[in-house]
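Notes to accompany the following structure.
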Number of protein chains: 2
Amino acid sequence: MTRPSVSLIGSFRRHYAEVLEAAQLFTDAGMVVKSPPMSRIINHGHEFVRFECDPPMSSDHAIQAATMEKIFSSDVVYVVNPDGYIGRTTAYELGRVHERGLAVFYAEPPKDLPIDIPEGTVVDARSLAKIIGGEGAPPDPVRRPRVAALPTADIVIFTIRFNRLHVLLVKRGTDPYRGRLAIPGGFVRPGESLEDTARRELREETGLNDAGIRLQQLRTYSHPQRDPRGRIISTVFLAITPDLPEVAGASDAHRADWVEVEESLWGHNSSLAFDHGEILQNGLEHVRRLLEHTTIGVDFCGELFAISDLRKVYEAVWGFELNSGNFQRKVRKTTGFVVKTNKVRSSRPGAPAELFRRGTAGILYPPMMRPRQRGRTGTP
Amino acid sequence: MTRPSVSLIGSFRRHYAEVLEAAQLFTDAGMVVKSPPMSRIINHGHEFVRFECDPPMSSDHAIQAATMEKIFSSDVVYVVNPDGYIGRTTAYELGRVHERGLAVFYAEPPKDLPIDIPEGTVVDARSLAKIIGGEGAPPDPVRRPRVAALPTADIVIFTIRFNRLHVLLVKRGTDPYRGRLAIPGGFVRPGESLEDTARRELREETGLNDAGIRLQQLRTYSHPQRDPRGRIISTVFLAITPDLPEVAGASDAHRADWVEVEESLWGHNSSLAFDHGEILQNGLEHVRRLLEHTTIGVDFCGELFAISDLRKVYEAVWGFELNSGNFQRKVRKTTGFVVKTNKVRSSRPGAPAELFRRGTAGILYPPMMRPRQRGRTGTP
DNA sequence: AGAATAGTGTCTATGAGACAGTATATG
DNA sequence: CATATACTGTCTCATAGACACTATTCT
């Protein structure tokens with residue numbers, strides 16, 4: 001059980017004595033005071049207060065940003081406004097805090113600010129400290145703080161190049177993790193669903209037109225500290241494309257590139273930005289499983305493909321060699337998997353291969369099981 | 001392509017002429033001005049401005065809440081501050097708008113407010129109107145508006161009662177959808193991951209201690225209009241419990257109850273709140289598939305169970321009758337599925353049943369396929 | 001005794017896996 | 001010609017599915 005934390009906001013210029021007093025009360029009650037830093041004020045008289053511990057060269061707004069971080073990391077916000085007065089900076093902070101859904105309490109009802117003051121949120125510091133620090137159940141706004149987050153859609157885009165599984169990664173151009181590889185994705189914009197965002201990002205990153213590329217959700221990653229910029233929740237989608245030479249680099253500002261999956265996961269110099277290593281691993285396992293009971297393997301192939309192309313897909317994704325003859329039989333017999341055309345391909349040595357198109361089935365029945373015990377070769 | 005929209009904020013008391021002028025410019029450029037309402041001011045001289053069209057009896061903060069809705073629904077926010085001055089209300093609005101990640105432009109650099117003013121965001125109304133309404137690509141802050149959302153974790157909790165699949169639903173006590181049945185869930189609180197939230201809600205709704213109930217993610221629902229209260233993004237989890245008589249109603253305020261799944265999906269008087277009908281359907285299909293390749297079926301059983309109990313689970317979830325003999329063979333032969341104990345049960349007519357415990361395997365290999373073509377009976 | 005349930009045995013069809021063999025292309 | 005590839009055929013083994021049968025309990 002971690003100790004409850006609180007941040008104090010208000011006009012430090014006018015009410016610093018009361019702030020210190022309240023901070024002392026909260027500390028005595030066993031709480032952590034995240035902000036303000038209990039440090040000496042060095043610019044008395046100014047509207048924006050600076051503390052001794054603040055980095056002296058940084059701008060007001062840099063210090064303010066750091067303060068907001070501390071405020072957001074606390075469980076409760078307490079507004080120290082003994083005369084009801086709330087300054088512009090405090091009003092701004094209140095706006096951000098409200099939008100995040102943190103629990104807010106006030107020393108006095110705020111004057112001249114058109115905000116809702118729920119019942120029970122005007123309370124003196126001593127009572128609040130007792131309520132939160134003490135044993136009793138905290139009042140409603142404390143029990144039900146909500147947190148707002150920025151949702152993003154990230155896409156694990158797989159393809160096969162040179163008979164190996166590749167994933168599309170972008171090199172980050174900005175902090176955090178500047179220069180590291182990351183899974184492409186972006187923030188949800190007004191009016192978009194996560195699926196909309198994913199499709200837009202897919203277009204932007206790959207330069208592909210919508211055509212045909214299907215997206216499916218994998219998982220949502222929401223660990224509170226997964227992104228140092230703040231509360232960002234990423235829903236990850238899976239996309240699969242055939243090997244398209246013109247794709248990489250066709251994107252906007254940040255360069256996108258195909259990277260071999262094994263290399264990006266286990267190679268030296270490979271650690272991805274954020275938790276994207278874990279995401280990629282989960283994506284890999286997912287697509288491996290999908291090949292077992294769905295027809296998604298054909299998404300790796302172009303419109304026309306030979307059975308051996310499809311086999312190469314399975315071999316690349318699973319990392320197993322499969323028996324060519326048995327694979328043929330299996331694929332041809334499973335209804336709806338592939339549809340024969342009257343075309344053949346005879347560009348390389350060997351017998352000419354019949355060409356196929358994708359079938360209508362989405363699910364393989366019976367499934368194409370990957371061999372479980374190592375060492376054995378054999379069909380799916 | 002919908003027309004781009006803008007909201008104007010700033011001290012209407014001091015700068016209403018400039019606000020009207022800017023609004024006219026934006027309108028002429030083909031944009032929609034969402035706020036302020038182009039209406040007459042009726043309380044000249046007051047800090048908080050009221051318009052003729054505002055509902056006269058409502059409080060300041062109710063009007064402000066409505067205004068925030070309009071602001072949030074616009075693509076761009078323009079701060080009308082010809083002298084740089086920003087009032088408290090505007091500072092509050094700015095805080096909320098920043099936290100939402102909307103694109104903000106300023107007439108002048110804001111004075112005495114410690115916020116970051118990105119390059120290119122101080123621009124006069126005429127230029128902004130031309131940039132946004134015109135053909136050219138809008139500048140960065142316009143192209144990349146972000147949207148903040150309130151994440152929730154909802155849980156589809158299945159169990160089996162009287163040999164039928166049931167789901168735990170709550171009756172909503174508040175609007176919207178007051179009185180309708182809904183899938184239990186709740187908002188993410190500060191410091192929680194979605195998984196944390198789901199586990200807490202599971203505890204709160206079912207009154208169960210953590211013990212043993214496993215949670216897994218199903219999908220995230222993010223349609224922009226899925227919740228009339230605003231932008232709420234729900235990640236849905238799946239939980240399975242054995243039939244526990246003491247569960248229902250053991251929860252807090254809102255009553256939770258087991259409802260038969262078929263009834264809640266297809267029965268008359270059955271439509272669930274929000275998009276929860278769709279969610280439940282997807283959850284049902286998911287658990288049906290999980291029974292095929294995982295050992296999750298044993299989660300429906302208590303600690304000790306007979307093979308026939310497990311068969312009843314499969315029959316209830318799949319809606320098929322299975323051949324008892326073949327099911328026996330299959331379950332006993334699949335390594336890791338169940339572990340024999342030395343206990344037997346002989347309470348009902350029939351031969352005494354050997355009792356089993358869950359095995360260590362999580363995945364069934366080979367899988368237990370449900371019969372695809374109707375009419376045929378037989379084992380999985 | 002009769003009904004209900006647990007569990008085993010048996011037969012058949014099907015498919016997986018291994019591998020041989022044939023046909024047809026390239027170089 | 002050698003070689004690579006595509007595809008078919010055949011054999012074995014494992015399992016699914018159907019069903020008969022026995023054993024054991026409760027009413």
Side-chain angles (χ1 to χ4, degrees), chain A residues 163 291-293 301 304-315 318 320-335 337-338 340-356 364-380, chain B residues 163 291-293 301 304-315 318 320-335 337-338 340-356 364-380:
Chain A
N163 289 333
L291 284 193
E292 294 192 301
H293 9 262
C301 305
L304 288 176
F305 54 90
I307 304 249
S308 63
D309 297 334
L310 190 56
R311 195 187 73 234
K312 294 267 165 56
V313 167
Y314 275 82
E315 291 176 338
W318 282 351
F320 286 106
E321 296 235 323
L322 299 180
N323 181 289
S324 131
N326 293 336
F327 189 85
Q328 289 266 351
R329 228 187 324 108
K330 171 73 185 175
V331 171
R332 296 171 105 102
K333 280 210 303 193
T334 306
T335 55
F337 199 173
V338 296
K340 203 162 162 174
T341 67
N342 51 10
K343 304 201 176 65
V344 295
R345 179 185 64 190
S346 54
S347 49
R348 341 173 200 185
E354 300 181 83
L355 291 180
F356 293 79
L364 287 182
Y365 187 83
M368 175 99 75
M369 301 302 282
R370 59 183 142 159
R372 275 299 187 282
Q373 59 272 56
R374 277 270 179 159
R376 251 171 128 183
T377 153
T379 322
Chain B
N163 289 334
L291 284 193
E292 293 191 303
H293 352 268
C301 305
L304 287 177
F305 54 90
I307 303 250
S308 64
D309 297 334
L310 190 55
R311 195 188 71 234
K312 293 268 166 55
V313 167
Y314 275 83
E315 291 176 337
W318 282 350
F320 286 105
E321 295 237 322
L322 300 179
N323 179 290
S324 131
N326 293 337
F327 189 85
Q328 288 265 353
R329 229 189 321 109
K330 172 73 185 173
V331 170
R332 298 171 103 104
K333 280 212 304 194
T334 306
T335 56
F337 198 174
V338 297
K340 203 163 159 176
T341 67
N342 51 11
K343 304 201 177 62
V344 295
R345 179 184 64 191
S346 52
S347 49
R348 341 174 201 187
E354 300 180 85
L355 292 179
F356 294 79
L364 286 183
Y365 187 83
M368 175 99 74
M369 301 302 284
R370 57 184 144 159
R372 274 300 187 279
Q373 58 273 55
R374 277 270 179 159
R376 250 171 127 184
T377 154
T379 319

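Labels below follow one simple rule: chain letters A, B, ... track the order of the sequence lines, proteins then strands, and each chain is numbered from 1. Side chains are part of it too, since the values below use all heavy atoms of this structure and drop only hydrogens, waters and symmetry mates.
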Using atom CZ of Phe305(A) as one end and atom C1' of dA6(D) as the other, report the distance to the nearest whole Å.
16 Å

Could you tell me how far apart Arg370(B) (CZ) and dG17(D) (C1') are, to the nearest whole angstrom?
18 Å

Could you state the CZ-P distance from Phe327(A) to dA18(C), rounded to the nearest angstrom?
15 Å

Quick check for you: among dC7(D), dA6(C), dA16(C), whose closest atom lies nearest to any side-chain atom of Lys330(A)?
dA16(C)

Take Leu304(A) and Phe356(A), measure what side chain to side chain contact (heavy atoms under 4.5 Å, CB included) needs, and give me the verdict at the end.
CA-CA 5 Å; Leu304(A) 288 176; Phe356(A) 293 79; over 6 Å; no

Distance, nearest 0.5 Å, that separates CG of Leu310(A) from CD of Gln328(A):
10.0 Å

Between OH of Tyr314(B) and CZ of Arg370(B), what distance do you get to the nearest 0.5 Å?
11.5 Å

Atom-pair distance (CZ on Phe320(B); C1' on dG17(D)), nearest Å
14 Å

Heavy atoms only: give me the nearest His293(B)-Pro367(B) pair and the separation to one decimal.
ND1-CB, 4.0 Å

Considering only heavy atoms from C-beta outward, does the side chain of Leu364(B) approach that of Phe337(B) to under 4.5 Å?
yes

From the list Arg332(B), Lys343(B), Arg345(B), salt bridge (charged side-chain N to carboxylate O under 4.0 Å, His left out) with Glu354(B) holds only for Arg332(B)

What is the minimum heavy-atom distance between Arg348(B) and Asp309(B), and which atoms define it?
NH2-OD1, 3.5 Å

Could you work out which one of dT25(D), dG17(D), dG7(C) sits closest to the side chain of Pro352(B)?
dT25(D)

Step-by-step side chain to side chain contact (heavy atoms under 4.5 Å, CB included) determination, Tyr365(B) to Thr334(B):
CA-CA 7 Å; Tyr365(B) 187 83; Thr334(B) 306; over 6 Å; no

Phosphate oxygens OP1/OP2 of dT5(C): is one of them under 4.0 Å from a side-chain N or O of Ser308(B)?
no

Nearest to the side chain of Pro366(A) - dA16(C), dA6(D), dT15(D)?
dA16(C)

Rounded distance in Å - CD (Glu321(A)) to C1' (dA18(C)):
15 Å

Between CZ on residue Arg329(B) and CG on residue Asn323(B), distance to nearest 0.5 Å:
8.5 Å

With the criterion being N/O to N/O and under 3.5 Å, what pairs connect the protein with nucleotides 12-14 of chain D, and how long is each?
none

Length of the line joining Leu322(B):CG and dT5(C):P, which is rounded to integer Å
15 Å

Residues from residues 342-351 of chain B sitting under 4.0 Å of DNA chain D, heavy atoms only?
Ser346(B), Ser347(B), Arg348(B), Pro349(B), Gly350(B), Ala351(B)

Contact list (N/O, under 3.5 angstrom) for nucleotides 8-12 of chain C vs protein:
none

Closest non-hydrogen atom pair, Val313(A) against Cys301(A)
CG2-SG, 4.1 Å

Nearest heavy atoms of Trp318(B) and Glu292(B), plus distance in Å
CZ2-CG, 3.6 Å

